[in-house]
Undergrad: 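First the structure, which I've put down as structure tokens, then a few questions once you've had a look.
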Amino acid sequence: MVELLNNSFHQFSLNSIKIKSFRANEARTLTPRPFQCLLTEDKQRAIVKNGKDSLDICRVVNGMWQTSGGWGRIERDNAVDAMLQYADAGLNTFDLADIYGPAEDLYGIFINRVRRERPPELLETVRGLTKWVPPPVKMTRSFVSESIDVSRRRMDVAALDMLQFHWWDYSNPGYLDALKHLTDLKGEGKIKTIALTNFDTERLRIILENGIPVVSNQVQHSIVDMRPQQKMAELCQLTGVKLITYGTVMGGLLSEKFLDTNLTIPFAGPALNTPSLQKYKRMVDAWGGWSLFQELLRTLKTVANKHGVSIPTVAVRFILDQPAVAGSMIGVRLGLSQHIKDANAVFSLVLDVEDISNILQVTNKGRDLQKVIGDCGDEYRRA
């Protein structure tokens, strides 16, 4: 759809990939798995898998970063009620983390209410995708195991549906030790699937070469930030690893609320009063600035009006249609606001050739963020 692939990346054969192991002197060969985004019959769920490990998830994921503070006060009972409303509406995959304030605890309360108050059929579809973001200490077996046990207790589950692993400093190869221990814990039944978050293409190759059964990598990906469709998506298509995306509606910037606004004049537009709005405004500035972003919003509004949906719905659908993408996240402010209607509209929306062409005419005017920022996750590791 978008020809942004770095030519140098094509040095990797479509039949095999040879990478020198960090743990061995000789090169090992990864045999690519035929890529396909496995969808359920209703196309609302996707299957992420590696070998015998697999997990089906809702393609629109409820992001719970917003429970960590900065988006308004979250009241526990109201938040859990809201989680039940999302699950009842079919939006039953939740993304959380050990560092997202009370997110794992809220999930534990929620899943217990599902067990008590909902039919077993709903319980079977609910997924909790948590993250582990460890400090830069030695990754011993006991430290890794104890950390995972904390998440299991907080979420009140015997096995984590998915453990998405984050690592801050690539110069410290301890991430391979941690992932080896996580793989052992998966074998013991404490984790169902192992995934990554914010890893770049080079480290994903190294991790796969070391035999870690990664099913997905969670990365920032939006109409503005198309970096994952360069090196990362090609490796994913070669190996079968899927992408779960966040920042897809840019914290709410990709919405009618910010259409026809001028943030260059103090107090003239909506306040950038959440951590996500502030973060993604910086992405807009790096990409092409507010004037070009307004042109994009106007184009997206035209597409949205044509299909009778909202700008965020178009933004999510566009990314779900990209190669290697299994699911896209929309942040939820539990008990404060909800977007169930817009989220469910994503599943029935079909963008046609004209829609895509009109969107690309605008996005192609922006800067290539791969050149500005670097590969996926590099924004968290720049000096």
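These numbers were taken from a predicted model, which means no experiment stands behind them.
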Undergrad: According to salt bridge (Lys or Arg N to Asp or Glu O under 4.0 Å), who are the partners of Arg76, at least two apart in sequence or on a separate chain?
TA: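 With neighbours one apart ignored, the set is empty.
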
Undergrad: Using the salt bridge (Lys or Arg N to Asp or Glu O under 4.0 Å) criterion, which residues pair with Arg227? Sequence neighbours excluded.
TA: Asp225, Glu379

Undergrad: Mind checking what makes salt bridge (Lys or Arg N to Asp or Glu O under 4.0 Å) contact with Glu188, not counting sequence neighbours?
TA: Arg141

Undergrad: By side chain to side chain donor-acceptor pair (under 3.5 Å), which residues pair with Ser291, not counting sequence neighbours?
TA: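 Ser291 satisfies side chain to side chain donor-acceptor pair (under 3.5 Å) with no residue once adjacent residues are dropped.
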
Undergrad: Please collect all salt bridge (charged side-chain N to carboxylate O under 4.0 Å, His left out) contacts where either partner lies in residues 124-138, sequence neighbours excluded, each pair once.
TA: Asp56-Arg127, Asp95-Lys131

Undergrad: Sequence neighbours left out, what passes side chain to side chain donor-acceptor pair (under 3.5 Å) with Asn112? Give chain and number order.
TA: Arg115, Asp156

Undergrad: Considering residues at least two apart in sequence or located in another chain, which fulfil the side chain to side chain donor-acceptor pair (under 3.5 Å) criterion with Glu354?
TA: Lys306

Undergrad: Enumerate the residue pairs fulfilling side-chain hydrogen bond (donor to acceptor under 3.5 Å, both in side chains) with a member in residues 246-260, sequence neighbours excluded, ordered by first and then second residue.
TA: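 Sorted result for residues 246-260: Asn198-Tyr246, Thr245-Thr248, Tyr246-Tyr380, Glu256-Lys301.
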
Undergrad: How would you list all residue pairs meeting side-chain hydrogen bond (donor to acceptor under 3.5 Å, both in side chains) that involve residues 307-316, not counting sequence neighbours?
TA: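 Of all non-adjacent pairs touching residues 307-316, those that pass side-chain hydrogen bond (donor to acceptor under 3.5 Å, both in side chains) are His307-Asp355, Ser310-Thr313, Ser310-Asp342.
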
Undergrad: Under the salt bridge (Lys or Arg N to Asp or Glu O under 4.0 Å) rule, collect the residues that match up with Asp98, sequence neighbours excluded.
TA: none

Undergrad: Kindly write out the residues that satisfy side chain to side chain donor-acceptor pair (under 3.5 Å) with Thr125, not counting sequence neighbours, or none if the list is empty.
TA: Asn92

Undergrad: Can you list the residues that meet the side chain to side chain contact (heavy atoms under 4.5 Å, CB included) rule with Glu295, with sequence neighbours excluded?
TA: Leu292, Arg298, Val362, Lys365

